[in-house]
2 protein chains.
Amino acid sequence: MEKKFQAIYDVLAKEIQTEKIRAGQLLPSENELTERFATSRETVRKALQLLSQNGYIQKLQGKGSIVLEQDKLPLPVSGLTSFKELARSMSQKVETSVIELSSKEAHGCNQQVLQCEEGTPIWELQRMRKLDGEAVIYDKDLLLKKLAPGLTKEIAADSIYDYLEQELGLSISYARKEVVVEEADAKDKEILDMGSYQQLVVVRSAVYLEDTTLFQYTESKHRPDKFRFVDFARRTK
Amino acid sequence: MEKKFQAIYDVLAKEIQTEKIRAGQLLPSENELTERFATSRETVRKALQLLSQNGYIQKLQGKGSIVLEQDKLPLPVSGLTSFKELARSMSQKVETSVIELSSKEAHGCNQQVLQCEEGTPIWELQRMRKLDGEAVIYDKDLLLKKLAPGLTKEIAADSIYDYLEQELGLSISYARKEVVVEEADAKDKEILDMGSYQQLVVVRSAVYLEDTTLFQYTESKHRPDKFRFVDFARRTK
DNA sequence: TAGTGGTCTAGACCACGTC
DNA sequence: ACGTGGTCTAGACCACTAA
């Protein structure tokens, strides 16, 4: 059964997305929502907190919850979203090809970034992404083999996250990311359609499971003109 | 008086930062914390939720709350942090100079981005930031004049956010941001020490107050080698 | 003054992990 | 079986906004 506060969130989020409640209007009051969903006020408030965090509403003490303008292009590179999930929300034609999928043993730098023992079996995966026929993204992944023993090129070309979450029942929980701009090296230029570009936007992420296991390390290189990051941020004092 | 859940958060966050509780260890259970802080469990849970959101802990059902590794370089460009606040946490020498502060009336594109009436009085502000003596960041701001009538070059060289929040009592609440890479234009090259770089990382933000007024629009251009963005993200399904 | 959201409480029951 | 976190409740009091 779905959790009550999640269900309330889903209903209200949908009403906002479909503009059944328009930007600038007030949501029904917490007391009204409590009645409408036949629940307690704290539960309604949990749903509203989620809406607020995700940029759907702004709460105003003494007034109510006002619905915010929705972004036209919801490209949540913030957060933790797989390429396939992103692709679905983009109109462009996307294509993934697996350059390499090989089984190795951790050593030196590999071992460092995955924080595992020397000799731990790992997957080394390289993929290239095309947008509208142009090779513009180059991903390198390191994964702990014991958590995804049955990985294949077919799975890697589709969605690793789907496989992990739906097939294996693993729970991807959080990630640390870093975004920087770096010079493209020879290999990058071989793999990608660089045109006259000399630099790449590099997103490095360490991905953790629910039990805090570091499971995946990814380096994702984007051609600068095809990189875009949007974010909704709340001020924390 | 500080809110109880905020106070609990502060205490626990400090204990984690100072490694009084080390990464990998478990926090005391919610029941223990409830006793220790002489409060109710829901209040403790609000504090823990904040810790979880900010990457301090990971909660594990049936086990407890495990303390996560802290980032060495906490550079929260995610979130909503002023340059002065950032600078404080960096070892480098930083310097801000005001290129221009002028009073204008909104028209055309200005008016567009601030979503205000034609002719609305606005501040147009341009600043340049030096890190270790090099001009590497170029900020252009548009602000609604009626909300910050007494803005001066001195204030702009220090911190606009301090002025707004502490002097004027305004509450900066949230922002929408976009990060892209663009070609530097002639003006950019004049203002910044570009070396051989041809491109800039451009961060565009729309900043809103608590009452959802769009108050500031900022375009911040960074020399690629001096741009770094780190993020802690939780997966939302 | 009435209605709104913000905080806090004491207690209940459930789901999960460990022993 | 026990302790952990996850959800939900019914009610209290406070702070703020608006009429």
Side-chain angles (χ1 to χ4, degrees), chain A residues 1-12 21 24-53 56-68 169-171 173-174 209-213 234-237, chain B residues 1-12 21 24-53 56-68 169-171 173-174 209-213 234-237:
Chain A
M1 187 189 94
E2 196 180 27
K3 294 137 203 169
K4 222 171 219 179
F5 75 89
Q6 185 70 46
I8 298 172
Y9 169 86
D10 290 342
V11 169
L12 294 177
I21 313 177
Q25 290 184 334
L26 290 175
L27 235 49
S29 76
E30 295 181 353
N31 287 324
E32 284 171 329
L33 291 172
T34 299
E35 270 195 48
R36 171 171 162 198
F37 291 101
T39 182
S40 71
R41 194 171 147 225
E42 282 292 356
T43 300
V44 166
R45 284 176 57 75
K46 274 187 199 167
L48 295 188
Q49 199 198 6
L50 273 188
L51 289 169
S52 170
Q53 276 173 4
Y56 284 105
I57 62 170
Q58 170 75 354
K59 308 191 77 178
L60 300 176
Q61 194 169 24
K63 281 183 91 170
S65 296
I66 195 165
V67 174
L68 299 180
L170 293 176
S171 288
S173 184
Y174 62 97
L209 302 180
E210 257 184 356
D211 64 358
T212 76
T213 316
R234 288 197 171 271
R235 178 144 174 97
T236 56
K237 287 272 343 179
Chain B
M1 188 188 93
E2 196 180 27
K3 294 138 203 169
K4 221 172 218 179
F5 76 88
Q6 185 68 46
I8 299 172
Y9 170 85
D10 291 340
V11 169
L12 294 177
I21 313 177
Q25 290 184 333
L26 290 175
L27 235 48
S29 77
E30 294 182 352
N31 287 325
E32 285 171 329
L33 291 171
T34 299
E35 270 194 48
R36 171 170 162 197
F37 291 102
T39 182
S40 72
R41 192 170 149 226
E42 282 292 357
T43 300
V44 165
R45 283 176 58 75
K46 273 187 199 165
L48 295 188
Q49 199 198 6
L50 273 187
L51 289 170
S52 170
Q53 276 173 3
Y56 284 106
I57 62 170
Q58 171 75 353
K59 308 190 78 179
L60 300 176
Q61 194 170 24
K63 279 185 90 171
S65 297
I66 196 164
V67 174
L68 299 180
L170 295 176
S171 288
S173 184
Y174 62 98
L209 302 180
E210 258 184 356
D211 64 357
T212 77
T213 318
R234 288 195 173 273
R235 177 145 175 94
T236 57
K237 285 270 352 176

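Each chain gets a letter, A, B and so on, in the order the sequences are listed, and its residues count up from 1.
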Considering residues at least two apart in sequence or located in another chain, which fulfil the side chain to side chain contact (heavy atoms under 4.5 Å, CB included) criterion with [X]?
X     : value
B:S29 : B:N31, B:E32
B:T34 : B:R41, B:V44
A:E35 : none
B:E42 : B:S40, B:R45

Problem set entry | From A:Q25 atom CD to A:I57 atom CD1, the distance as rounded to the nearest 0.5 Å | 14.0 Å

Can you see if the side chain of [X] gets near the phosphate of [N] - specifically, an N or O under 4.0 Å from OP1 or OP2?
X     : N     : value
B:K4  : C:dT9 : yes
A:K3  : D:dG6 : no
A:T39 : D:dC8 : no
A:K46 : D:dC8 : no

Exercise. Taking the side chain as C-beta and beyond, is there a heavy-atom pair between B:K3 and B:K46 under 4.5 Å?
Worked result: no

For this session: Using a 4.5 Å cut-off on heavy atoms from C-beta on, say whether the side chain of B:L51 contacts that of B:Y9.
Result: yes

Rounded to whole angstroms, how far apart are [atom1] on [X] and [atom2] on [N]?
X      : N      : atom1 : atom2 : answer
B:E210 : C:dT4  : CD    : C1'   : 15 Å
A:D211 : D:dG5  : CG    : C1'   : 16 Å
A:L48  : C:dT4  : CG    : P     : 13 Å
B:K59  : D:dG3  : NZ    : C1'   : 15 Å
A:F37  : D:dT9  : CZ    : P     : 13 Å
B:L26  : D:dG3  : CG    : C1'   : 12 Å
A:E2   : C:dC14 : CD    : C1'   : 17 Å
B:Q49  : D:dC8  : CD    : P     : 13 Å

Seminar exercise, completed: Readout for nucleotides 11-19 of chain D: B = base within 4.0 Å of protein heavy atom, S = sugar-phosphate only, - = neither; 5' to 3' it is -B--BBSS-

For this session: Would you indicate what A:L60 reaches in the nucleic acid, counting non-hydrogen atoms under 4.0 angstrom: base, sugar-phosphate, or nothing?
Result: sugar-phosphate

Problem set entry | Side chain of A:F5 (C-beta onward), nearest among D:dG6, C:dA10, D:dT7 | D:dT7

Exercise. When you measure from the side chain of A:T43, which nucleotide among D:dT9, C:dT7, D:dT7 comes out closest?
Worked result: D:dT9

Exercise. Axis-to-axis angle across the helix from C:dT1-D:dA18 to C:dT18-D:dA1, five pairs an end, to 10 degrees?
Worked result: 10°

Partners passing side chain to side chain donor-acceptor pair (under 3.5 Å) against [X] (at least two apart in sequence or in another chain):
X      : value
B:T212 : none
B:T39  : none
A:K59  : A:E30

Exercise. For A:L60 and B:E210, which heavy atoms make the closest approach, and how far apart are they?
Worked result: CD2-O, 2.8 Å

For this session: Look only at the side chain of B:Q58 and the backbone of A:D211, and say whether a donor-acceptor pair between them is shorter than 3.5 Å.
Result: no

Exercise. Which residues within residues 28-36 of chain B lie with some heavy atom under 4.0 Å of an atom in DNA chain C?
Worked result: none

